[in-house]
A.B. asks: 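Before we start, here is the structure in question, set down as structure tokens.
Keep in mind that what you see is a predicted model, and the values were worked out from it rather than measured.
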Amino acid sequence: MSDTQVTQLEEKVAHLMATVDDLSDVVAAQAKEIDVLTRRVRMLMQREAEREYDSESSVPLADQRPPHY
């Protein structure tokens with residue numbers, strides 16, 4: 001291999017490593033956002049379940065049979 005080919009390969013590897021680092025940062029940020037959203041959905045589901053339980057109906061909507069049964 002010539003020096004030019006080695007240099008080109010080193011440049012490509014450097015660019016690929018930079019791309020991998022950038023993508024890793026993106027994935028880490030997405031993981032954090034997914035964790036936040038998961039906690040919020042869980043909290044909202046719990047609030048809704050408590051609201052249904054505290055409402056006038058004796059059975060929460062999630063536990064009621066659909067009307068077609």
A.B. asks: Is it the case that more than 12 heavy atoms not belonging to Asp21 sit under 6.0 Å from its CG atom?
C.D. replies: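 Buried by this count: over 12 neighbours within 6.0 Å.
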A.B. asks: Please report the interatomic distance NE2(His15) to CD(Glu11), rounded to the nearest 0.5 Å.
C.D. replies: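 Rounded to the nearest 0.5 Å, the NE2-CD separation comes to 6.0 Å.
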A.B. asks: Check Arg51 with Glu48, please: is the shortest side-chain N to carboxylate O separation under 4.0 Å?
C.D. replies: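 Result for this pair is yes, salt bridge flagged.
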A.B. asks: For the atom pair CZ (Arg39) and CG (Leu44), what is the distance rounded to the nearest 0.5 Å?
C.D. replies: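 Reported value, rounded in 0.5 Å steps: 13.0 Å.
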A.B. asks: Surrounding CE of Met43 (heavy atoms of other residues, nucleotides or ligands, distance under 6.0 Å), is the total greater than 12?
C.D. replies: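 Enclosed: over 12 neighbouring heavy atoms sit under 6.0 Å from CE of Met43.
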A.B. asks: Please round to the nearest 0.5 Å and tell me the distance separating atom CD of Glu10 and atom CD of Gln8.
C.D. replies: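 Spacing of CD (Glu10) from CD (Gln8) equals 11.0 Å.
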A.B. asks: Can you get from Val6 to Leu9 by hopping between Ile, Leu, Val, Met, Phe, Trp and Tyr side chains that sit under 4.5 Å apart?
C.D. replies: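 Val6 clusters together with Leu9.
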